[in-house]
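A note on names: the letters A, B, ... follow the listed sequences, proteins ahead of strands, and every chain is numbered from 1.
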Amino acid sequence: MPELPEVETIVRACRPQLVGRRIRGFSSSWRRNVSPSAARVKRELTDRLITGVERRGKLLIFHLEDDAHLLLHLRMSGRLEWADQPDGTPRHVRAVWKLDNGRQCLFCDPRKFGTITYTRDLASATAGLGLEPLGPSFTARALGCILHQRQRQLKPLLLDQSLIAGLGNIYTDETLAAARLHPLTRSNTVTDPQVVRLHRAIRRILRFAIRLHGTSVDWIYPGGRMQRHLTVYGRTGQPCRRCRTPIVSFRVGQRGTHICPKCQPAPVQR
DNA sequence: TGAATTGTTATCGT
DNA sequence: AACGATAACAATTC
């Protein structure tokens, strides 16, 4: 479940392998998830230079020469691999890029929810994404506006990529716990000091998670160390690190949600 | 075997 | 009517 820190980690790892390389071939039999079409993408990519690799929210973006861009969304289980790994060819390969140095970059995704999108209009392709939580425009004031302008439950609001881009289930639970806010709190009732706390928690936890290369979750995403520092996510029944109260989980929307019932008291009115 | 998993989209309700 | 909540969906593993 790559969220912002995991995608950032992947971007940093694959950037030196990709930037400055020329794509010699692309193949994918993944009709449903490659847009506009695998054939068209192959045509557009072949012999194009990769000029940069960046992240926007949870999107991985290959910048190509001539103002073209390839957007990868890993969704639940997508990952990038290389064909020449010592431990054999990865499974669940959905797309392959052949590079001019002979290496092959693989898009692997057992659940097939990921997407590959070619576009020449990056602005409109990313128009639906909200603020970058680690960017300069994501201030406590900006977060306060987002919260106070609507009356939504905090957790679904934080998960809404059109408002803030990059938080997923793990980091919303973690940031709400750090800010000691209950996930069902109405966004318009959050006080200014709470806004500041939440803002600080989001930035601190995302930065810290990036430093640890993200959270490794079961078999899908290996390599990170953040899971050792999670305070509520996946810790149902275990004692809160602050007050020893057992962590409780329940459902918000249809997402698993984890809180310390003592540190994150339920909102008074619904 | 069914529960769990995520983001998007469609639908329902207030 | 606009907003917010909810359900369905994609596919696979355990």
Side-chain angles (χ1 to χ4, degrees), chain A residues 1-8 10 28-35 38 55-61 71-79 81 90-95 107-117 119 124-133 145-176 182-190 206 209 214-222 224 226-227 230 232-237 247-258 267 269-270:
Chain A
M1 4 241 131
E3 305 179 25
L4 186 150
E6 291 77 31
V7 178
E8 181 65 30
I10 292 165
S28 174
S29 53
W30 209 11
R31 302 198 56 83
R32 166 177 221 107
N33 306 43
V34 179
S35 151
R55 179 193 59 76
R56 173 80 172 91
K58 302 177 195 177
L59 270 184
L60 225 149
I61 305 176
L71 279 50
L72 311 186
H73 201 307
L74 306 174
R75 289 289 191 104
M76 283 193 60
S77 56
R79 50 196 288 184
E81 296 283 356
R91 299 169 59 194
H92 310 296
V93 176
R94 310 300 178 192
F107 191 125
C108 303
D109 187 354
R111 286 182 191 153
K112 298 205 223 176
F113 294 174
T115 57
I116 297 174
T117 307
T119 183
S124 55
T126 58
L129 292 177
L131 294 176
E132 271 299 317
C145 289
I146 289 171
L147 296 181
H148 295 151
Q149 277 168 9
R150 48 215 109 211
Q151 315 182 19
R152 293 183 62 180
Q153 299 170 343
L154 279 186
K155 170 145 177 165
L157 184 151
L158 292 178
L159 285 170
D160 189 333
Q161 302 298 299
S162 70
L163 302 174
I164 302 168
L167 296 176
N169 207 31
I170 296 174
Y171 294 102
T172 51
D173 279 5
E174 290 298 313
T175 53
L176 286 171
H182 192 281
L184 296 180
T185 308
R186 294 285 161 178
S187 60
N188 56 321
T189 68
V190 176
L206 291 180
T215 303
S216 299
V217 182
D218 54 50
W219 48 276
I220 289 175
Y221 178 82
M226 182 67 185
Q227 66 278 7
L230 298 180
V232 289
Y233 185 88
R235 296 193 67 244
T236 307
I247 300 301
V248 167
S249 64
F250 56 101
R251 239 142 230 291
V252 177
Q254 58 272 64
R255 299 289 179 262
T257 300
H258 312 73
Q269 29 111 7
R270 289 268 191 80

Undergrad: When you match Arg91(A) and Arg75(A) each to their closest nucleotide on DNA chain C, which lands nearer the 5' end?
TA: Arg75(A)

Undergrad: The criterion is side-chain hydrogen bond (donor to acceptor under 3.5 Å, both in side chains); which residues satisfy it with Thr117(A), sequence neighbours excluded?
TA: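 With sequence neighbours excluded, Thr117(A) shows a side-chain hydrogen bond (donor to acceptor under 3.5 Å, both in side chains) to no residue whatsoever.
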
Undergrad: Using the side-chain hydrogen bond (donor to acceptor under 3.5 Å, both in side chains) criterion, which residues pair with Ser29(A)? Sequence neighbours excluded.
TA: none

Undergrad: Applying side chain to side chain contact (heavy atoms under 4.5 Å, CB included), name anything that partners Ser249(A), two or more places apart in sequence or on another chain.
TA: Thr236(A), His258(A)

Undergrad: Hey, is the side chain of Arg94(A) poking within less than 4.0 Å of OP1 or OP2 on dA10(C), counting only N and O atoms?
TA: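 Answer no for this pair, as no side-chain N or O of Arg94(A) is under 4.0 Å from OP1 or OP2.
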
Undergrad: To the nearest Å, give me how far apart CG (Asn33(A)) and P (dT8(B)) are.
TA: 14 Å

Undergrad: Considering residues at least two apart in sequence or located in another chain, which fulfil the side-chain hydrogen bond (donor to acceptor under 3.5 Å, both in side chains) criterion with Arg94(A)?
TA: none

Undergrad: Atom pairs under 3.5 Å, N or O on each side, protein against nucleotides 3-5 of chain B: can you list them with distances?
TA:
{"residue": "dT5(B)", "atom": "OP2", "partner": "Arg251(A)", "partner atom": "NH2", "Å": "2.9"}
{"residue": "dT5(B)", "atom": "O2", "partner": "Arg111(A)", "partner atom": "NH1", "Å": "3.2"}

Undergrad: As an exercise, state the distance from CZ of Arg186(A) to CZ of Arg152(A), rounded to the nearest 0.5 Å.
TA: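 Atom-to-atom, Arg186(A):CZ and Arg152(A):CZ are 10.0 Å apart.
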
Undergrad: Considering only nitrogen or oxygen atoms on both sides, find all protein atoms under 3.5 Å from nucleotides 10-14 of chain B and state each distance.
TA:
none

Undergrad: Who passes ring-ring contact (aromatic ring centres under 6.0 Å, His included) against Phe107(A), sequence neighbours left out?
TA: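 Listed in chain order: Trp30(A).
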
Undergrad: Mind checking what makes side-chain hydrogen bond (donor to acceptor under 3.5 Å, both in side chains) contact with Glu81(A), not counting sequence neighbours?
TA: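 Partners of Glu81(A) under the side-chain hydrogen bond (donor to acceptor under 3.5 Å, both in side chains) test: Arg79(A), Gln85(A).
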
Undergrad: Please report the distance, rounded to the nearest Å, between CG in Asp109(A) and C1' in dA10(C).
TA: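 Whole-Å distance recorded here is 10 Å.
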
Undergrad: Can you list every pair that meets salt bridge (charged side-chain N to carboxylate O under 4.0 Å, His left out) and has a residue in residues 161-170 of chain A, with sequence neighbours left out?
TA: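 Non-adjacent pairs meeting salt bridge (charged side-chain N to carboxylate O under 4.0 Å, His left out): zero.
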
Undergrad: Where do N or O atoms of nucleotides 1-4 of chain C meet protein N or O atoms at under 3.5 Å, pair by pair?
TA:
{"residue": "dG4(C)", "atom": "OP1", "partner": "Gln151(A)", "partner atom": "N", "Å": "3.0"}

Undergrad: Below 4.0 angstrom from OP1 or OP2 of dA11(C), is there any side-chain N or O of His92(A)?
TA: no

Undergrad: Under the rule for side chain to side chain contact (heavy atoms under 4.5 Å, CB included), what residues qualify as partners of Glu8(A), not counting sequence neighbours?
TA: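 Partners of Glu8(A) by the side chain to side chain contact (heavy atoms under 4.5 Å, CB included) criterion, ordered by chain and then number, come out as Arg12(A), Arg55(A), Ile210(A).
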
Undergrad: List for me each residue that meets side chain to side chain contact (heavy atoms under 4.5 Å, CB included) alongside Arg75(A), sequence neighbours excluded, and say none if there are none.
TA: His73(A), Phe113(A)

Undergrad: Please say which of Glu174(A), Met226(A), Glu3(A) ends up in a side-chain contact (heavy atoms from CB on, under 4.5 Å) with Thr215(A).
TA: Met226(A)

